[in-house]
Asks: 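Here it is, the structure, as structure tokens.
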Amino acid sequence: MIKGIKRDTLGDAGRIVIKIGTTSLTYENGRVNLNRIGHLTRVICDLMNRGKEVILVSSGAIGIGVDKLKLGARPATVSGKQAVAAVGQLMLMNIYERFFSEFSQTVAQVLLTKDVTDGAETKQNVENTFNELIGMKVVPIVNENDTVAVDEIKFGDNDFLSYIVSKITHADLLIILTDIDGYYDKNPNEYHDAILMHTITDLTEKIEEAAGGVNSRLGTGGMLTKVHASRLAAEHGIAAVIANGEKPEIIYDILDGKEVGTLFVPGSGSDCND
Ligand code: GLU
């Protein structure tokens with residue numbers, strides 16, 4: 001845990017979980033954004049060279065599977081999505097393996113389901129595996145095990161998964177990369193005067209209502225799960241930043257203490273056992 005977290009102490013984070021979503025990994029036409037993945041993997045390799053420990057939580061299995069199979073759209077059935085994820089996850093890891101190997105960085109695939117991280121013994125096994133990988137300077141690449149995950153054992157979304165991974169690995173910092181600059185006081189697509197909130201210290205659920213509550217005029221699509229994950233992380237003492245992943249080099253700005261994205265400051269809310 002970083003002591004007395006302020007922007008200018010984020011650079012002290014030794015263990016960092018970075019989450020990237022499908023929209024950041026693909027173009028609007030559904031094809032893989034190799035340029036962005038190239039930049040992201042280079043930054044991660046560089047952080048590893050600095051002595052940081054990085055865990056990547058990456059979505060994209062279903063999106064890339066849809067593209068590879070030329071389906072045009074996500075299958076409507078659960079089994080259809082599971083099958084597509086089985087195809088896409090392999091390709092996703094193949095792409096990561098290629099980019100990371102350019103800098104001789106070894107990566108590992110870790111696929112999780114909620115029942116595994118919920119059970120005391122199985123969670124401990126997961127933690128042990130992470131510790132071994134991190135100790136060997138490997139970058140674990142985590143996704144939900146979409147091929148077997150059905151509603152009953154689902155995390156729901158990879159933002160929540162990234163919070164769980166941050167907790168299990170005792171990370172200092174969670175960075176959620178998305179396609180918007182951070183958390184706004186109201187929906188920036190609707191309101192030109194929407195203000196980007198740089199620092200959140202109120203870790204109550206009120207902040208989630210503003211991010212996408214049904215009765216709220218505020219918030220943006222997809223922001224709710226990010227705010228939820230960031231709030232929970234901060235409640236558990238992990239600094240969390242939601243930032244625009246268009247240029248993955250923004251991670252340097254975050255670690256340099258620059259005022260980019262939205263920082264959820266740990267230590268200001270009540271404890272939570274989610
Ligand atoms: N696990 C899903 C995938 O890789 C993504 C889930 C999410 O992004 O919330 O396609």
Side-chain angles (χ1 to χ4, degrees), residues 16-49 52-75 77-113 116-117 126 129-130 132-150 154-155 157-159 161-162 164-165 169 175-179 245-249 251:
I16 305 166
V17 173
I18 297 170
K19 187 263 168 179
I20 189 147
T22 307
T23 47
S24 300
L25 295 172
T26 53
Y27 290 106
E28 271 181 30
N29 64 8
R31 310 289 334 257
V32 181
N33 188 331
L34 294 170
N35 183 39
R36 186 153 310 144
I37 296 178
H39 281 267
L40 175 69
T41 52
R42 193 188 165 101
V43 171
I44 293 174
C45 291
D46 192 43
L47 293 181
M48 294 293 288
N49 283 356
K52 305 284 186 199
E53 297 164 337
V54 182
I55 298 118
L56 176 63
V57 175
S58 176
S59 306
I62 298 175
I64 290 175
V66 166
D67 183 50
K68 174 141 194 174
L69 292 163
K70 302 194 184 350
L71 298 180
R74 294 180 170 231
T77 62
V78 172
S79 58
K81 285 194 197 85
Q82 289 176 318
V84 168
V87 172
Q89 178 66 24
L90 189 65
M91 179 155 169
L92 180 65
M93 290 308 294
N94 189 349
I95 293 168
Y96 277 128
E97 169 71 27
R98 284 180 188 215
F99 276 108
F100 276 108
S101 66
E102 267 184 40
F103 303 101
S104 304
Q105 175 61 57
T106 306
V107 293
Q109 170 181 259
V110 178
L111 298 178
L112 297 173
T113 46
V116 169
T117 56
V126 172
T129 304
F130 274 123
E132 292 284 347
L133 290 169
I134 292 165
M136 292 188 292
K137 311 273 179 237
V138 170
V139 173
I141 304 179
V142 188
N143 197 355
E144 180 156 15
N145 193 351
D146 294 311
T147 298
V148 299
V150 287
K154 253 189 171 312
F155 290 104
D157 58 83
N158 273 11
D159 296 315
L161 172 62
S162 69
I164 296 288
V165 169
T169 58
I175 298 175
I176 297 182
L177 297 176
T178 183
D179 55 0
E246 193 184 342
K247 293 196 168 60
E249 288 78 7
I251 293 167

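If you're wondering where the values come from, they're calculated on a predicted model, not measured in any experiment.
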Asks: Between V139 and T41, does a side chain to side chain contact (heavy atoms under 4.5 Å, CB included) hold up when you go through it step by step?
Replies: CA-CA 10 Å; V139 173; T41 52; over 6 Å; no
Asks: Let me confirm one number: the CG-NZ distance from L161 to K154, rounded to the nearest 0.5 Å.
Replies: 10.0 Å
Asks: Under the side chain to side chain contact (heavy atoms under 4.5 Å, CB included) rule, what do T117 and F155 come out as? Steps first, then yes or no, please.
Replies: CA-CA 10 Å; T117 56; F155 290 104; 3.3 Å; yes
Asks: Could you tell me the separation between the OH atom of Y27 and the CG atom of D67, rounded to the nearest 0.5 Å?
Replies: 12.0 Å
Asks: Provide the closest heavy-atom pair for G72 versus V66 in the form atom of the first, atom of the second, distance.
Replies: N-CG1, 4.0 Å
Asks: Could you give the distance from CD1 (I20) to CD1 (I141), rounded to the nearest 0.5 Å?
Replies: 11.5 Å
Asks: So which heavy atom on A61 is nearest to which on N143, and how close?
Replies: CB-ND2, 3.7 Å
Asks: Are side-chain heavy atoms of E249 and H39 found at a separation under 4.5 Å?
Replies: yes
Asks: Can you tell me how far CG of L177 sits from CD1 of I251, rounded to the nearest 0.5 angstrom?
Replies: 5.0 Å
Asks: Can you find a pair of side-chain heavy atoms, one from D159 and one from T178, that are under 4.5 Å apart?
Replies: no
Asks: Is it the case that the side chain of R36 and the backbone of E246 share a donor-acceptor pair, with hydrogens and angles ignored and the cut-off at 3.5 Å?
Replies: yes
Asks: Any non-hydrogen side-chain atom of V165 less than 4.5 Å from a side-chain atom of L112?
Replies: yes
Asks: Take a 6.0 Å sphere around CD of E132 and say whether it holds more than 12 heavy atoms from other residues, nucleotides or ligands.
Replies: no
Asks: Given side chain to side chain contact (heavy atoms under 4.5 Å, CB included), test R74 with V84 step by step and report yes or no.
Replies: CA-CA 8 Å; R74 294 180 170 231; V84 168; over 6 Å; no
Asks: Mind listing the closest non-hydrogen atom pair of G60 and T22 along with its distance?
Replies: N-OG1, 3.3 Å
Asks: Minimum heavy-atom separation for V17 to S162, with atom names?
Replies: CG1-O, 4.1 Å
Asks: Quick one: does L47's side chain get under 4.5 Å of V43's, heavy atoms only?
Replies: yes
Asks: Just wondering, more than 12 heavy atoms not from K68 lying within 6.0 Å of its NZ?
Replies: no
Asks: Establish, from distance only, whether the side-chain atoms of D146 and Q89 form a donor-acceptor pair under 3.5 Å.
Replies: no
Asks: Between NZ of K19 and CD1 of I55, what distance do you get to the nearest 0.5 Å?
Replies: 16.0 Å
Asks: Quick check: closest heavy atoms across F99 and L34, and the distance to 0.1 Å?
Replies: CZ-O, 3.5 Å
Asks: Check for a donor-acceptor pair, side chain of Q105 on one end and backbone N or O of K137 on the other, with a separation under 3.5 Å.
Replies: yes
Asks: Does the side chain of I95 reach to within under 4.5 Å of the side chain of V32, using non-hydrogen atoms?
Replies: yes
Asks: Would you check, one step at a time, whether the test side chain to side chain contact (heavy atoms under 4.5 Å, CB included) holds for L56 with V107?
Replies: CA-CA 10 Å; L56 176 63; V107 293; over 6 Å; no
Asks: Are side-chain heavy atoms of D46 and F103 found at a separation under 4.5 Å?
Replies: no
Asks: If you look at every heavy atom in N158 and S59, which pair is closest and at what distance?
Replies: ND2-OG, 2.8 Å
Asks: Rounded at 0.5 Å granularity, tell me how far CD in E97 sits from CE in M91.
Replies: 14.5 Å
